[in-house]
Q: 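Take a look at this one; I'll ask things after.
It should be emphasised that the depicted structure is a prediction, and the values quoted were computed from it without experimental measurement.
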Amino acid sequence: MHLRSLLMHFIYICCSPFIIIIIYLILKQAFAKLPASVKPGVVTGPALVDLLDAAKEQGYAIPGVNIVGTNSINACMEAAASYGGPIMVTFSKGGGQFIAGKSVNNDADQASIAGTIAGAKHVHEVAALYGVP
């Protein structure tokens with residue numbers, strides 16, 4: 001299956017986001033018109049607004065993939081690096097809990113929150129290995 005088709009398949013099965021982390025991996029020939037404020041790595045604040053505005057103006061979608069483990073985080077970063085575009089890594093409540101461990105008490109959503117934070121930290125730690133500072 002073509003990498004682009006696989007990525008689009010993930011979009012269709014994606015759940016509603018609990019936390020969104022935007023990861024941008026530069027490949028200039030694919031997205032030459034990205035705003036100057038958008039740098040490699042996790043995109044937040046005004047740069048995120050600029051990225052979303054540019055996507056709307058230029059008519060492209062940013063895929064959002066629901067994550068349930070570090071293996072799917074790595075696969076998303078690898079796919080984005082190969083394809084050359086920005087990607088949203090999303091965590092559902094259940095996905096966050098799965099990262100923390102399904103047997104952990106989640107009565108007050110503490111496992112879901114801890115799992116999404118752990119996932120976000122994983123992204124920050126390994127992004128450089130995919131060429132993202």
Q: Does Ser72 use its side chain to pair, donor to acceptor, with the backbone of Ile67 at less than 3.5 Å?
A: no
Q: Would you say Lys93 and Asn106 make side-chain contact, with heavy atoms under 4.5 Å?
A: yes
Q: Can a donor-acceptor pair be found, under 3.5 Å and without considering hydrogens, that links the side chain of Asp50 to the backbone of Ser37?
A: no
Q: Which pair of heavy atoms, one from Ala100 and one from Ala111, lies closest together, and at what distance?
A: CB-O, 3.3 Å
Q: Side-chain contact, heavy-atom cut-off 4.5 Å: Ile73 with Phe91?
A: yes
Q: Using side-chain heavy atoms (C-beta onward) and a distance below 4.5 Å, is Ile62 in contact with Leu51?
A: yes
Q: Under 4.5 Å between any side-chain heavy atoms of Val65 and Ile87, yes or no?
A: yes
Q: Under 4.5 Å between side-chain heavy atoms, counting indirect links through other Ile/Leu/Val/Met/Phe/Trp/Tyr residues: same cluster for Val104 and Ile117 or not?
A: no
Q: Contact between Gln97 and Thr116 at the side-chain level, heavy atoms closer than 4.5 Å - yes or no?
A: no
Q: Return yes if some donor-acceptor pair links the side-chain N/O of Asn66 with the main-chain N/O of Gly95 below 3.5 Å, else return no.
A: no
Q: Could you see if Met88 belongs to whatever hydrophobic cluster contains Val49? Use Ile, Leu, Val, Met, Phe, Trp, Tyr and a side-chain cutoff under 4.5 Å.
A: no
Q: Return the CG to CD distance between Asp53 and Gln58, rounded to the nearest 0.5 Å.
A: 10.5 Å
Q: Please write out which residues are connected to Val68 in a hydrophobic cluster, directly or through intermediates, given that two of Ile, Leu, Val, Met, Phe, Trp, Tyr count as joined at side-chain heavy-atom separations below 4.5 angstrom.
A: Phe98
Q: Measuring from atom CG of Asn74 to atom NE2 of His122, what distance do you get when rounded to the nearest 0.5 angstrom?
A: 4.0 Å
Q: Quick one: are Leu52 and Lys56 in side-chain contact, heavy atoms under 4.5 Å?
A: no
